[in-house]
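Let me begin by presenting the structure, written as structure tokens, before commenting on it.
Chain naming here is simple, since letters A, B, ... match the order of the sequence lines and numbering starts at 1 in each.
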Amino acid sequence: MQLPSFEYLRPATLREGLDWLSEPGTDTAVVAGGSDLLVNMKLGLVTPKRLVSICDLPGMQDVTEDADGGLRIGAGCKLTDLLQHETVTGNYPALADAIRAVGSQHVRNMGTLGGNLCLPTRCWYTNQSEQWRESRQPCFKTDGELCHVIKSSARCHSLNSSDTAPALIALGASVTLASRDGTRELPVADLYFDDGVDYMTMRPGEILTEIHLPPPTGVSAFIKVAQRNGLDYAAGTIAGWFDGAAARLVLGSIGSHPVSLPKAADLVVAGGLGTKTIDAAADAARADLGEVSNLFSPPGYKRRLARSLVRRVLEQLADLQGGGK
Amino acid sequence: MSRQIINLTVNGDRHEIAVAPNQTLLEVLRDELGLSGTKRGCTSGACGVCTVQQEDGRAVLSCLALAVEWDGRAVTTIEGIAEPGQLHPVQAAFLEYGAVQCGFCTPGLIMTAKALLDTDPTPDEAAINEAMAGAICRCTGHIKVKIAIREAVQQALREREPDAAPT
Ligand code: FES
Ligand code: FES
């Protein structure tokens, strides 16, 4: 497959990149590592006329410790590089394991953390060659008016399969979004819509420049279940975090956005990480989950998977906590 | 779209090439420089046959690398991993242990294995599996590939410390 033609721009400053990005009528996209965008361009799913490359921008590859003990990660940091940082692997194990779960070693060598957070949603019916897609009617994602996954649906059900998003949400991370009007900080939890087409809350003209992790507290873990261990999209992922007073559980690759499980997390906060509470939380996850689609796997499987992922991640957190009760 | 001149060092040789923004490193290596050892497979990051090494030795996929982003950079391809007429130890091990069937994946697998050994000369089983997961053999000959990589590791150990290495 060949790339369609486009103009390639390398800004010297973030300001220049933002200016180019918001030039009206130019159809400009942002590229970091390119390991996902270029595939979608080859498939003809996105056809930007200009690419603005942000990886070389000053600060984009920096990892700095904050005065408050948190961590700031430039959005252009390569995933492999982040695994060399003791602060990442030692203090934020859920993030480290999520990074290890992304693609293959090759992909992690090229892909960036910011890019993985902005990963486009994907679907069995659209993430295919143009010829494959032509055999069906266009869907919401390809300027049509239906969803092949759920025919009666008024929206697109493609999946958000970012591995790092659930981990960063569980860890309470936020991102910095830069635009020509300035910057704003947004919790990663608020970065996604539950919609396969309109999946990110970022506004046109914004660039995700930085990921901000709060000071490390408590214990965290991440689990990915996929058909094979390497280079595969997940059937489901979960990230969990618990510090004794608060807990967060987030499922990934199950719906169009990372799905938080507040009921299950509340049970953990109230009852700790004993086996009874873990059982109850696993059951509660099914209620938290709500409606699921049959995309890539049947809904019944997804619900059972969610339950078992909650159990497994809480058992890991209990182990990390030193036995749990 | 207008072409741009890039300076690309391939296996130590400097090239000045005019590339279009939508040309990948893979296309430049194969179609502009005639280095067809790097294979064109899925062209979408799923198979690893297009693997080359960047400056720090890491394995990257040339099918997902924009040539314009390689201006001023250096790449190592399968053609450059040993002197002419010689074999790299990983190549020798692949030959010795029959880790080649049709051979299409072989350059990508060898570059992936070499990238692993360049950064971690004594990888354990898990590290080998993790590194090789993105390089897929269509003939499914992964067992012999693993045996060959393990043997290349042992061979290197024997050469370094003739007495200490387990056999
Ligand atoms: S050709 Fe590059 S990964 Fe398959
Ligand atoms: S030997 Fe045929 S693809 Fe691997």
task = Give, as side chain, backbone, both or neither, the part of B/Ala115 having an atom under 4.5 angstrom from any heavy atom of chain A.
result = neither
query = Hey, does the side chain of A/Asn109 reach the backbone of B/Ala59 with a donor-acceptor pair shorter than 3.5 angstrom?
reply = yes
query = If you count heavy-atom pairs under 4.5 Å between each of A/Leu38, A/Val31, A/Leu43 and chain B, which one has the most?
reply = A/Leu38
request  = Side chain from CB out, backbone as N, CA, C, O: work out which of these in B/Glu69 comes under 4.5 Å of a heavy atom of chain A, or both, or neither.
outcome  = both
inquiry  = Can you tell me how the ring of A/Phe296 sits relative to the ring of A/Trp124, calling it parallel under 30°, perpendicular over 60° and tilted otherwise?
reply    = perpendicular
request  = Could I get the full list of salt bridge (Lys or Arg N to Asp or Glu O under 4.0 Å) partners for A/Asp163, not counting sequence neighbours?
outcome  = A/Lys224
task = May I ask you to test the B/Gln91-B/Gln86 pair for a side-chain heavy-atom distance under 4.5 Å?
result = no
Which of A/Arg228, A/Met110, A/His106 touches chain B most, by non-hydrogen pairs under 4.5 Å = A/His106
query = So A/Ser256 and A/Asn160, side chain to side chain donor-acceptor pair (under 3.5 Å) or not? Walk me through it.
reply = CA-CA 5 Å; A/Ser256 296; A/Asn160 180 314; over 6 Å; no
request  = Just jot down the salt bridge (Lys or Arg N to Asp or Glu O under 4.0 Å) partners of B/Glu151, sequence neighbours excluded, or say none.
outcome  = B/Arg158
ask   = Considering only heavy atoms, which portion of B/Cys63 lies under 4.5 Å from any heavy atom of chain A: side chain, backbone, both, or neither?
value = both
message = Strictly less than 4.5 Å between heavy atoms, which residues of residues 55-63 of chain A line up against chain B? Please order them by number.
response = none
Distance-only check: which donor-acceptor pairs under 3.5 Å involve side-chain atoms of residues 127-143 of chain B, not counting sequence neighbours?
unit_1: B/Asn129; atom_1: OD1; unit_2: B/Lys146; atom_2: NZ; d: 3.0
unit_1: B/Glu130; atom_1: OE2; unit_2: A/Arg108; atom_2: NH2; d: 3.3
unit_1: B/His142; atom_1: NE2; unit_2: B/Cys137; atom_2: N; d: 3.1

inquiry  = Less than 6.0 angstrom from the centroid, inside 45 degrees of the normal: does A/Arg50 satisfy that with respect to the ring of A/Tyr8?
reply    = no
ask   = Counting only N and O atoms by type, is there a donor-acceptor contact under 3.5 Å from the side chain of A/His85 to the main-chain atoms of A/Thr87?
value = no
Between B/Asp56, B/Leu61, B/Thr51, the one whose heavy-atom pairs under 4.5 Å with chain A are most numerous = B/Leu61
